Student: 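This structure is in structure tokens; I'll ask about it shortly.
Just the heavy atoms: all of them, side chains too, but no hydrogens, waters or symmetry mates, feed the values below. Just so it is clear, the structure is predicted and the values come from calculations on it, not from any experiment. By convention in this document, chain letters (A, B, ...) are assigned in the order of the sequence lines, proteins followed by strands, and residues within each chain are numbered from 1.
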Amino acid sequence: MKKTICVLLAAMMLCVAFAGCAKPVEESQPETVQPNTEAVEEVVEEKEWFDNVTITISTVDGSSYHLPFYIAEKKGLFEEVGINIEYVGFPGGPVQMEAIESWDIGTTGIGGVLNCLIGHDGILLANVREDGASQNFWAYNDSDVVTAGQGNNTLSDQIYGSADTWRGKTILCSYGDVKHYTLVKTLEGFGLTLEDVNPLWMDASSCLASYWGGEGDITAVQGSANWDADVNEKMTKVSAATDMGLGLYGSMVANKDSLADTNKADAIVKVIELYFEMMDFMADEANWTDVVNYMVEYNNWCGIEGDFEKFENQLKTGGKFFTLEDQVNVFYAKSENSDLTIMADSIADVLKFYEELEVWEAGSYEKFVQPEHFNTEILQTIWESRTAE
Amino acid sequence: MFYKNRSKSLFDKILYWVLPAFSIVCLLYAYTRAVKANPMVMPGFAEIGERFLDLSTKPIKGVTIWGHVLASLRRVLVGAAASWVIGIFLGVFTATNRYMNATVGTLITIIRPIPGVAWVPLIVVAFGIGEFPKYLLVFIGCIFTMVQNTYSGVYFVDQSAIKVGKMFGANKFQILTNFIIPTAIPAIFAGIRLSVSNGWKIVLAAEMMGATLGIGAMVTRGWNELDMATVICCVVIIAVTGALLSVAVNAIERVLTPWNR
Amino acid sequence: MATRQEKLQEMHKQYIKTERNKTLKLFLISIGSVIGFFLVWELLSIFGVTNLRVLPAPSSILDAFVEKINSTAPDGCTIMQNIITSGEVALLGFLLAACIGIPLGLFMGWFEKADRFISPIFEMIRPIPPIAWIPIIVVLVGVNMKARAIIIFLSSFVSCVVNSYLGIRMTNPTLINVAKTFGARNVETFFKVGIPSAMPMVFTGAKLALTGSWATLVAAEMLASNAGLGNMLTIARKVSRMDIILLAMVIIGLIGAVLLSVLNALEKRKMRWKSNI
């Protein structure tokens with residue numbers, strides 16, 4: 001009896017030991033070009049060198065906001081200056097912000113920015129691209145909303161339908177995020193409110209599936225499905241956030257502890273500098289094919305299927321990427337309405353909307369506009385060093 | 001069952017094999033109907049097969065699907081093993097010591113009804129999405145079953161056997177190791193079996209809601225992109241792995257407790 | 001003689017008294033430890049030892065509860081609406097699973113032909129964890145109460161069938177032989193001997209099914225729903241309101257415990273004829 005118990009205990013301890021010792025499969029980085037170490041040695045004297053600092057960058061998997069980072073890494077620019085990049089990709093926004101302790105900087109959409117600054121004390125660094133590229137509403141080609149044609153909406157001529165055709169429709173949408181905002185704005189342009197339609201709230205990824213299953217008249221479509229071949233053939237985009245010029249911006253945010261960490265602070269500035277260098281690379285028409293190929297590669301690595309055409313459309317129609325010049329000339333100007341910069345003000349507008357909807361609780365606006373949530377020094381440092389050259 | 005000793009006629013013997021085959025055919029037919037009803041979303045068998053090969057060879061986030069399965073298994077095993085050690089300890093103590101039962105036992109009874117799934121957001125906020133929070137979640141999912149089963153096993157030990165031990169002058173520790181724990185072993189193993197299956201379920205939940213590596217995360221990835229072929233492949237793999245896990249635990253139990261047949 | 005009897009009675013009374021005191025003492029210790037737990041938590045929050053972003057104080061959870069009684073923010077339903085929605089679906093799925101699963105399990109366990117036909121289908125459904133069904137069901141049926149009920153059904157169904165099957169298979173052969181001697185046919189024995197003797201396992205299965213279905217419901221609501229307690233949790237994540245998240249956890253736990261105790265009480269009443277549970 002005693003022997004068996006000893007055997008049992010030993011077996012259990014072995015299990016624990018083996019399981020604990022087994023190396024967790026680290027998320028491997030995308031293959032990086034190995035620069036010739038000798039060449040680097042020579043260059044090192046001229047370039048700055050960060051002593052193998054590790055910066056963790058987060059994003060939602062496959063997001064185009066992350067593309068400049070991906071390109072910089074593939075070109076070996078981070079390795080040249082001695083920065084190790086760890087990538088952590090999330091399936092969605094809320095999780096990314098909840099896990100803020102595990103990353104240093106990240107790119108996210110507008111919902112994520114609000115969540116980050118208000119709920120998790122993050123810091124807003126820069127705007128990245130117009131958000132809203134994937135905040136669209138679609139309907140079947142033969143729906144009466146589509147046949148009613150465009151041009152009846154005060155906010156945008158691209159929106160299909162009219163007040164009568166939209167009234168009473170069953171609309172599949174996700175609650176409390178940008179699609180909700182887009183829907184309300186679209187209805188505003190027709191002079192309608194949410195009361196005039198029949199919204200079915202559900203998780204964003206289920207909207208399209210339910211629509212194809214026969215539910216609803218109009219649906220929101222999430223993420224890269226907006227450029228899916230099936231969707232584009234059988235359905236028409238009846239409302240798009242980008243068309244309405246809603247001023248939704250995807251942004252870069254940072255973990256405040258990482259910025260305060262003296263070991264990492266300079267490396268973070270360098271990383272962002274390289275980000276905007278790649279942004280300029282992407283803005284150059286000559287590099288277009290390369291850029292799309294990088295996007296395809298990145299998405300396939302994350303497990304998102306798609307070919308050249310699909311991602312080309314996503315990059316083309318998704319809205320403008322903001323270069324450093326855009327940031328400094330436009331977004332750092334103070335807004336007329338408030339003490340904030342134009343960039344922060346436009347985000348605050350969305351927040352006010354959510355407060356009205358009672359999604360964000362009252363008092364969130366005050367929490368949001370705290371000055372420690374905004375960091376403009378990094379961008380200005382980068383801009384100055386660039387213009388000084 | 002009543003007439004199981006009756007010899008079987010030829011008709012019965014044929015039916016013995018025809019019936020299962022027929023039911024599988026019904027199942028496949030039901031699936032084809034589902035595909036026809038939802039052609040844009042539900043993939044046909046060819047597509048599923050193709051995607052399966054794809055997943056096995058092409059890595060996503062650096063590992064093929066089998067790497068993801070191994071990652072999930074690792075999390076289950078570590079979390080479950082930790083829950084066995086601590087669960088048996090707590091179970092034995094709450095069952096033998098009434099004061100422990102009143103304090104720690106009550107707290108456990110209060111926290112137990114919260115489903116493991118509901119813990120995910122709290123743990124993610126507190127610990128991020130590394131490996132430790134996953135182990136912790138599996139641990140939380142498994143430990144309550146373990147404590148409960150060990151408690152029943154120890155509590156219902158035959159008191160007369162213990163009295164015999166006392167008569168022979170055994171002290172408390174000797175009674176514990178020679179009488180109580182051996183009698184409770186079947187219950188403990190039942191607890192281990194249950195906790196492994198619970199652990200498998202909760203690791204899936206944890207990964208579906210906040211992980212980047214692991215088979216649950218693959219399901220979420222497929223679902224977000226409406227890639228149902230991937231989802232179905234992953235669900236099948238999940239089912240098979242779960243079944244194999246139960247079989248393995250049962251086999252280990254048979255090896256370690258041969259007297260318990 | 002009289003004095004010895006009196007002495008024995010005295011000792012007996014003393015024994016009962018000390019036992020009762022001990023039970024009372026333990027009961028008070030239990031309550032005390034729960035209160036102590038919450039007090040310690042509250043004190044840690046007040047003194048800033050715990051990170052309030054991660055773990056709000058119990059008082060803020062109470063505040064959130066009071067707030068949610070009337071307010072529909074942030075997820076669009078008050079707390080009673082959420083509880084009713086969740087409760088409805090859980091009970092519906094569970095009752096459906098019990099009504100279909102228990103008879104099916106009993107039937108399969110007794111009649112071999114039924115077993116051979118249904119087993120393969122069942123063994124394919126069984127290893128799939130309920131949470132893995134969610135994407136498939138959502139895609140097939142949509143995001144509505146029907147989908148959630150189906151998911152709960154699938155989760156509880158397995159438990160009920162397996163336990164009923166095992167329960168009836170464990171019928172004491174002696175009892176069956178006695179019935180045989182008295183000339184009962186197979187079907188009659190099934191109803192009069194098999195089913196009653198399987199009842200304890202059936203109840204175990206029902207209890208497992210209920211707790212399982214409640215956990216699956218929460219998962220289903222967190223992933224694919226627009227109302228209910230799990231949905232409240234998910235939306236609270238979007239706006240990072242940890243107090244609502246914890247409130248949801250507490251309420252989910254409470255209701256799960258209540259459901260289980262109802263089943264326990266039911267079992268005790270039905271099983272009175274069984275000497276030991």
Side-chain angles (χ1 to χ4, degrees), chain B residues 1-4 12 15-17 19-24 26-27 34 37-38 41-42 98-99 101-107 109-122 125-126 200-201 204-205 208-209 216 219-220 222-223 226 228 231-232 234-236 238-240 242-243 246, chain C residues 22 26-27 29-31 33-34 37 51 53-55 109-113 116-121 124 126-133 135-136 138-140 169 171 176 180 186 189-190 194 211 214-215 218-219 222-223 230 233 236-237 242 245-246 248-250 252-257 260:
Chain B
M1 184 163 136
F2 195 11
Y3 294 113
K4 72 177 168 197
D12 280 337
L15 221 54
Y16 193 75
W17 293 108
L19 281 174
F22 181 56
S23 73
I24 295 185
C26 286
L27 205 62
N38 253 322
V41 180
M42 296 302 285
R98 276 199 269 189
Y99 292 107
N101 192 12
T103 47
V104 175
T106 333
L107 285 175
T109 319
I110 292 193
I111 302 187
R112 183 161 49 127
I114 301 179
V117 177
W119 284 95
V120 176
L122 182 62
V125 173
W200 184 240
K201 295 191 180 137
L204 285 178
M208 282 174 92
M209 277 185 244
V219 171
T220 312
W223 187 17
L226 267 193
M228 290 314 288
V231 172
I232 292 186
C234 289
V235 168
V236 169
I238 289 172
V240 169
S246 309
Chain C
K22 221 177 183 184
L26 286 171
F27 182 66
I29 293 182
S30 314
I31 299 201
S33 55
V34 174
F37 173 70
N51 183 350
R53 173 178 83 89
V54 171
L55 194 67
W110 192 265
F111 298 106
E112 197 177 327
K113 300 222 176 61
R116 293 298 291 177
F117 180 65
I118 302 176
S119 255
I121 307 182
M124 291 213 199
R126 181 174 165 189
I128 302 181
I131 197 172
W133 279 110
I136 301 182
V138 163
V139 163
L140 282 175
R169 278 221 169 259
T171 315
I176 301 179
K180 210 174 173 177
N186 196 7
T189 327
F190 174 61
T211 40
W214 189 239
V218 175
M222 285 173 87
L223 289 169
L233 216 151
R237 271 180 113 180
M242 279 310 292
I245 293 181
L246 277 168
M249 282 169 75
V250 167
I252 291 173
L254 267 174
I255 297 187
L260 195 63

Student: Under 4.5 Å from any heavy atom of chain B, what part of C/Ile121 do you find: side chain, backbone, both or neither?
Tutor: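 When you check distances to chain B, atoms from both the backbone and side chain of C/Ile121 fall under 4.5 Å.
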Student: Quick check on the interface: out of C/Gly256, C/Gly230, C/Ala257, C/Gly194, who has the most heavy-atom pairs with chain B under 4.5 Å?
Tutor: C/Ala257
Student: Which atoms of B/Trp119 are under 4.5 Å from chain C, going by heavy atoms: the side chain, the backbone, both sets, or neither?
Tutor: both
Student: Can you see which heavy atom on B/Ala243 is nearest to which on C/Pro127, and at what distance?
Tutor: CB-CB, 4.1 Å
Student: So, for B/Pro115 and C/Ile252, which heavy atoms are closest and what is the spacing to 0.1 Å?
Tutor: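 The answer is CD-CG2, 3.3 Å.
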Student: Which value, rounded to the nearest 0.5 Å, describes the distance between C/Trp133 atom CH2 and B/Ile238 atom CD1?
Tutor: 11.5 Å
Student: Looking at every non-hydrogen atom in both residues, tell me the closest pair between B/Val117 and C/Ala215 and how far apart they are.
Tutor: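 Shortest heavy-atom separation between B/Val117 and C/Ala215 comes out as CG2-O, 4.4 Å.
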Student: With a 4.5 angstrom heavy-atom cut-off, which part of C/Leu55 approaches chain B: side chain, backbone, both or neither?
Tutor: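 Looking at C/Leu55, just its side chain touches chain B.
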Student: Stepwise, does the side chain to side chain contact (heavy atoms under 4.5 Å, CB included) test hold for B/Val125 with C/Arg237?
Tutor: CA-CA 10 Å; B/Val125 173; C/Arg237 271 180 113 180; over 6 Å; no
Student: Just how far is it from atom CD1 of B/Ile110 to atom OG of C/Ser33, taken to the nearest 0.5 Å?
Tutor: 7.5 Å
Student: Which atoms of C/Phe117 are under 4.5 Å from chain B, going by heavy atoms: the side chain, the backbone, both sets, or neither?
Tutor: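 Both parts, backbone and side chain.
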Student: Could you state the interatomic distance from CG (C/Leu233) to CG (B/Leu122), rounded to the nearest 0.5 Å?
Tutor: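 Taking CG in C/Leu233 and CG in B/Leu122, the distance rounds to 9.5 Å.
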Student: With sequence neighbours excluded, what pairs up with C/Ser119 under the side-chain hydrogen bond (donor to acceptor under 3.5 Å, both in side chains) test?
Tutor: C/Asp115
Student: Which heavy atom in B/Val231 sits nearest to a heavy atom in C/Pro135, and how many Å separate them?
Tutor: CG1-CB, 3.9 Å
Student: Any non-hydrogen side-chain atom of C/Ile29 less than 4.5 Å from a side-chain atom of B/Thr103?
Tutor: yes
Student: So do the side chains of C/Ile136 and B/Val235 get within less than 4.5 Å of each other, counting heavy atoms only?
Tutor: yes
Student: Hey, which of B/Val240, B/Val219, B/Leu107, B/Asn101 has the most heavy atom pairs under 4.5 Å with chain C?
Tutor: B/Leu107
Student: Is the closest side-chain heavy-atom distance between B/Pro113 and C/Leu260 below 4.5 Å?
Tutor: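 They are not in side-chain contact.
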Student: State the CZ-OG1 distance between B/Arg112 and C/Thr211, to the nearest 0.5 angstrom.
Tutor: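 With rounding to 0.5 Å, CZ (B/Arg112) is 9.5 Å from OG1 (C/Thr211).
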Student: Does B/Pro121 reach the side chain of C/Met249, with side-chain heavy atoms less than 4.5 Å apart?
Tutor: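 When only atoms from C-beta onward are counted, C/Met249 and B/Pro121 do not touch, as no gap falls below 4.5 Å.
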Student: Looking only at non-hydrogen atoms, find the nearest pair between B/Lys201 and C/Pro130 and report the distance.
Tutor: CE-CD, 3.9 Å
